[in-house]
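Structure, as structure tokens:
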2 protein chains.
Amino acid sequence: MLEDLPEGWAQLIRRAGYRLTRPRQAVLRVLAESEVALTVAEVHRRARARYPRLGLVTVYRTLDLLLNLGLVHRLPGEVGGQLYVRADLHPHGHLLICRSCHRAVEIPCTGLEEMTHEVERQTGFAVQGHWLELFGLCPACQEGTDG
Amino acid sequence: MLEDLPEGWAQLIRRAGYRLTRPRQAVLRVLAESEVALTVAEVHRRARARYPRLGLVTVYRTLDLLLNLGLVHRLPGEVGGQLYVRADLHPHGHLLICRSCHRAVEIPCTGLEEMTHEVERQTGFAVQGHWLELFGLCPACQEGTDG
DNA sequence: CTCCGTATTGAAATCCATTTTCAATTATAC
DNA sequence: GTATAATTGAAAATGGATTTCAATACGGAG
């Protein structure tokens, strides 16, 4: 039942003092299985297939929990719903996202550490983190008819 | 009355077929005068000082208009309100934003064009645009007591 | 300068994502 | 098993953003 969760998710959650309940497992599994960034509503829809009584609120709470544990990324999307993806697929927060299907691909991001230090030197800011997002159309969606 | 607007904003808006009304001027002026990225609510608050009858709806509509004309950037911020800044201050969408005061600084962003082409080659995506955001604390806010 | 047609406005209503509240439920330690 | 504290889901509340529509004001024609 838990074996199809990503490496150590179960332990991490338990160690952090959280219970591994059925609703949570449903949400976890959905995220684990998707390489595509999902809206909250989509996570809810999919997770319901595993646990029909699942409430939307629990989806929000579980996503928040996963976010705090660093297991998922939240993509600061456009107006109308944030997107979530497994963090272990994209450890550095450098993503290429398809505007049509939300497929997310990790970008090999050379030189950003260096650039960060350079920027700190120039501006006096204390940089705490970064987000690099490229967006466009993935190969599959380029073949489709929509623009 | 219009002279303190950034270069050509007035003409651009007129040429695009829009009227330069008092409510719009109020909103324009607020954005023109701020180097800091502003929430919609903050724009509303400040613009009211110039034109008290100004409705929040008009702020949204005007920001949208400016966004379409490319005169402002919308920063895909965290949950709870998007931020807007003059686009001419940050032509490439590479920003360093203070988490405390929302001051936005343009990042000299070398090598990103190259990286984009490289990524397109590797992934087959058609890249349409990008967003690079560093966040941290500006020098002034580092001195403050809050974290 | 005045009049007119039309774009624009603001208030209210609505929409939709997210959060809060709280009684009922359920996972885990004993 | 039982106790107990975390967790859940429904409903209500919140808050950002959008839609609707009658009233208003811009800016060209006269």
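A note on names: the letters A, B, ... follow the listed sequences, proteins ahead of strands, and every chain is numbered from 1.
The CG-P distance, from Asp64(B) to dA7(C), rounds to 18 Å in whole Å. To the nearest angstrom, C1' of dA11(C) lies 13 Å from CG of Leu54(B). The OH atom of Tyr84(B) sits 13 Å away from the P atom of dG16(D) (whole-angstrom rounding). Remark: C1' of dA11(C) and NE2 of His44(B) are 12 Å apart, rounded to the nearest angstrom. One interatomic measurement links the two molecules: CG of Leu83(A) to C1' of dA17(C), which rounds to 13 Å at whole-angstrom precision. Distance, Leu65(B) CG to dT9(C) C1': 14 Å, rounded to whole Å. In this structure, the CD atom of Gln82(A) is 11 Å from the P atom of dA17(D), given to the nearest Å.
Salt-bridge annotation for Arg86(A) and Glu33(A): absent, with no side-chain N of the basic residue lying under 4.0 Å from a carboxylate O of the acidic one.
Side-chain proximity of Val40(B) to dA17(D), dT8(D), dA17(C): nearest is dA17(D).
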Report summary line: Its contact letters, B for base, S for sugar-phosphate only and - for none at protein heavy atoms under 4.0 Å, make nucleotides 25-30 of chain D read BBS---
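Looking at heavy atoms from C-beta onward, Val85(B) lies out of side-chain contact with Val72(B) at the 4.5 angstrom threshold. Using a 4.5 Å heavy-atom threshold, the side chains of Arg74(B) and Leu83(B) count as separate. Looking only at side-chain heavy atoms (C-beta outward), Leu31(B) and Thr62(B) stay at 4.5 Å or farther from each other.
Counting any heavy atom pair closer than 4.0 Å across all strands shown, Leu56(B) reaches no nucleic acid atom. Backbone-only engagement by Arg24(B) is indicated by non-hydrogen atom pairs under 4.0 Å involving sugar-phosphate atoms exclusively.
The phosphate of dT18(C) (OP1 or OP2) has a side-chain N or O of Tyr60(A) nearer than 4.0 angstrom.
A search for side-chain contact (heavy atoms from CB on, under 4.5 Å) contacts involving Arg19(A) returns Thr21(A), Arg24(A), not counting sequence neighbours.
Checking Val57(A) against Gly17(A), the closest nucleotide of DNA chain D that is more toward the 5' end is the one next to Gly17(A).
When all heavy atoms of Phe125(B) and Glu120(B) are compared, the closest pair comes out as O-CG, 3.5 Å.
The closest donor-acceptor contact from the side chain of Thr58(B) to the backbone of Leu54(B) lies at 3.5 Å or more, if one exists at all.
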